[in-house]
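Report on the following structure.
Positions are given from 1, in the same order as the sequence printed here. One-based numbering, in listed order, for ligands and for the atoms of each.
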Amino acid sequence: MINPTHSLRVALLLALTTLLTVTLWELNSHPLTCSYDKKAKDLYDPGSLYSTHEVYNNTLYQNGLNNNVHAQHNFSRPCEGFPDTTNIMFIMKTGASEAFQKLPTQLLTTMSCLPDFLIFSDLEQQIGKYHLYDALDRVSPTLMNQYPEFELYKAQKFCPIPQHYCAAEMSGGWDLDKYKFLNIADRVWQRRPGMDWYVFAEADTYIVWSNMVQWLREEAPKGPQYLGNVALLNEFPFAHGGSGYVVSGELMKTMANNITDLATKYDERAGGVCCGDFLFAKAASEVGTNVQQVHPMFNGERPLSIPYGHGQWCEPIISMHHVSPEEVSTLWQFEQTRKNKSTLLIKDIYEAFMAPSLTQFRQDWDNLSDDTCFIGPHQVDQENAGDTEKSRQKLEREKTIVEKEAHKSPTACAKVCEADKLMIPEDEYLALSDDIKKDHYLQEKYEKRIREDVGGVFRRGRSCFQWRYHQGACCISQSFKLGMPRHGAVEDEWTSGFFVKGIKQWIEARGECLHPDWREPYLTSPMHESE
Ligand SMILES: *[C@@H]1O[C@H](CO)[C@@H](O)[C@H](O)[C@H]1NC(C)=O
Ligand SMILES: *[C@@H]1O[C@H](CO)[C@@H](O)[C@H](O)[C@H]1NC(C)=O
Ligand SMILES: *[C@@H]1O[C@H](CO)[C@@H](O)[C@H](O)[C@H]1NC(C)=O
Ligand SMILES: *[C@@H]1O[C@H](CO)[C@@H](O)[C@H](O)[C@H]1NC(C)=O
Ligand SMILES: *[C@@H]1O[C@H](CO)[C@@H](O)[C@H](O)[C@H]1NC(C)=O
């Protein structure tokens with residue numbers, strides 16, 4: 001029997017088919033379609049590389065990365081090498097003000113290979129097939145009326161149009177965030193109890209899952225555990241939320257079961273406190289577990305800001321923070337197209353993201369260096385310098401002759417690293433009449449020192465890798481980091497540079513990483529009593 005809806009459908013289908021046929025016939029007879037057809041044919045030619053829509057030229061295959069990555073990016077099976085995350089739960093925390101900017105790239109990349117995860121926000125939302133849970137919907141109305149940050153929460157909730165129109169001029173996202181941590185912990189335990197590990201991260205955290213899973217399964221300590229990149233608040237250690245942190249199932253269970261009204265209790269404490277990651281640490285310590293330090297494997301930096309060198313080299317990288325959506329995508333692409341599938345180490349990130357861009361000078365570039373600064377001795381020099389620079393300056397009487405001149409210009413500043421630990425005799429150096437002579441003199445001294453450095457002790461011990469010059473302040477760095485552009489007016493330029501020779505020779509003398517240096521987690525400071 002044919003019911004009325006069915007016959008309607010048949011009629012519709014017929015009408016559509018006719019329309020399509022007519023349209024196609026019209027297109028075919030149109031001269032423009034010739035070039036259109038040709039292009040489409042080239043793109044989708046079954047014999048071509050692009051026929052599957054799965055293989056593209058690898059955009060990372062350039063700039064000296066040719067040895068590290070494959071020329072093509074074949075993502076027909078992106079999750080093939082992805083580790084088995086059974087019994088490991090991933091929880092992402094975000095906010096309505098950022099979710100649509102940051103989450104899609106996460107979902108398209110690493111999260112696309114996770115069979116299960118939970119996303120919590122300060123508003124219930126949907127992105128494609130993914131649901132964002134509101135972590136704050138059980139906060140008591142009394143608190144909501146008491147604290148101004150909940151104005152934003154309410155504005156979001158009752159916004160009838162896209163969020164950015166309603167919340168554009170409102171602040172409070174940061175203050176709302178602190179209420180989420182224990183509300184999330186509570187809900188996660190209800191929805192996904194009994195896992196071995198819970199991995200918490202934020203929308204601008206990048207997780208290297210191969211390392212995370214290997215570490216959790218083979219290296220991480222057992223029992224009630226709370227591990228991450230430790231920060232301090234009033235000397236109380238907590239795992240910094242943006243760097244990602246992990247909590248063992250055992251600890252989650254104890255927190256959920258032994259602390260009465262966990263979320264409510266900490267909602268009430270949140271008012272006078274800055275951060276939710278700190279509150280989480282308080283709750284964990286209430287049941288006797290303090291955070292353990294896993295830095296630099298859990299890292300608060302991103303590829304362009306990691307201070308590479310001493311202490312950040314052979315360690316596997318498990319997480320990074322402040323990664324932009326573009327960086328998330330690039331890191332994923334790098335993981336996917338790496339030729340060498342060995343454990344991803346911090347030095348591999350250096351090789352991929354910094355080494356190709358090493359140059360002696362970078363105009364309008366900053367953030368490289370501020371470990372030690374050199375400022376002129378006169379009052380006017382001191383007045384011009386920034387507070388950070390001043391607080392890190394070397395005293396005039398402790399400076400070498402090269403350091404004494406460093407504040408004069410970018411080229412003078414650049415000499416500090418080359419002259420570092422060379423014991424340049426002051427009278428000899430002062431007798432040189434110009435910059436070019438000084439350059440030659442330093443170069444000779446340096447090369448001689450390298451020739452004498454048979455065991456590599458001098459090269460390995462280097463503590464000056466790069467410099468930054470801004471308004472009469474020369475600062476150097478004990479590590480090497482890429483940094484970013486920074487423009488100033490003519491009088492206010494930022495110039496930076498790398499001591500490329502020194503970096504390369506340090507790397508050479510440092511030698512291969514014979515095995516990944518998995519760091520043992522440790523308690524950072526004497527345990528504090530819970531309040
Ligand atoms: C891909 O790379 C190859 C080799 O470098 C080049 O010949 C080809 O034109 C590239 N294809 C596209 C679509 O860019
Ligand atoms: C891409 O990978 C798939 C399987 O992973 C393979 O069958 C295919 O041949 C690869 N394509 C190219 C162009 O390498
Ligand atoms: C949690 O509660 C259980 C049952 O009451 C108790 O046996 C256990 O010692 C408690 N654990 C902690 C760390 O307080
Ligand atoms: C550069 O410095 C500014 C302020 O000093 C800071 O906000 C920013 O995060 C730094 N960037 C990097 C890449 O270190
Ligand atoms: C891969 O990297 C490891 C560790 O750096 C190294 O020992 C090994 O030789 C590399 N393998 C290849 C094929 O390059």
Is atom NZ of Lys265 surrounded by more than 12 heavy atoms (other residues, nucleotides or ligands) closer than 6.0 Å?
yes
Atoms in ligand 3 flagged as close to Thr254, the criterion being non-hydrogen separation under 4.0 Å
11 (N), 12 (C), 13 (C)
Provide the number and element of each atom of ligand 3 under 4.0 Å from a heavy atom of Val287.
13 (C)
Distance to the ring centre below 6.0 angstrom and angle to the axis at most 45 degrees; does that hold for [X] and [Y]?
X	Y	answer
Arg449	Tyr446	no
Lys282	Phe236	yes
Arg462	Phe499	no

I'd like to know if the side chain of His321 pairs up with that of Asn299 as donor and acceptor (distance under 3.5 Å, no hydrogens or angles considered).
no
Pair Tyr350 and Tyr308, ring centroids less than 6.0 Å apart
yes
For atom 14 (O) of ligand 3, decide whether some protein heavy-atom distance is shorter than 4.0 Å.
yes
Atom 7 (O) of ligand 3: protein heavy atom closer than 4.0 Å?
no
For [atom], what's the nearest protein heavy atom and its distance?
atom	answer
atom 4 (C) of ligand 5	Ser342 OG, 4.0 Å
atom 1 (C) of ligand 5	Asn340 ND2, 1.4 Å
atom 5 (O) of ligand 5	Lys347 NZ, 3.9 Å

Just to be sure I'm reading this right: ignoring hydrogens, which of Asn258, Asn257, Leu251 gets closest to atom 11 (N) of ligand 3? Compare them by their nearest heavy atoms.
Asn258
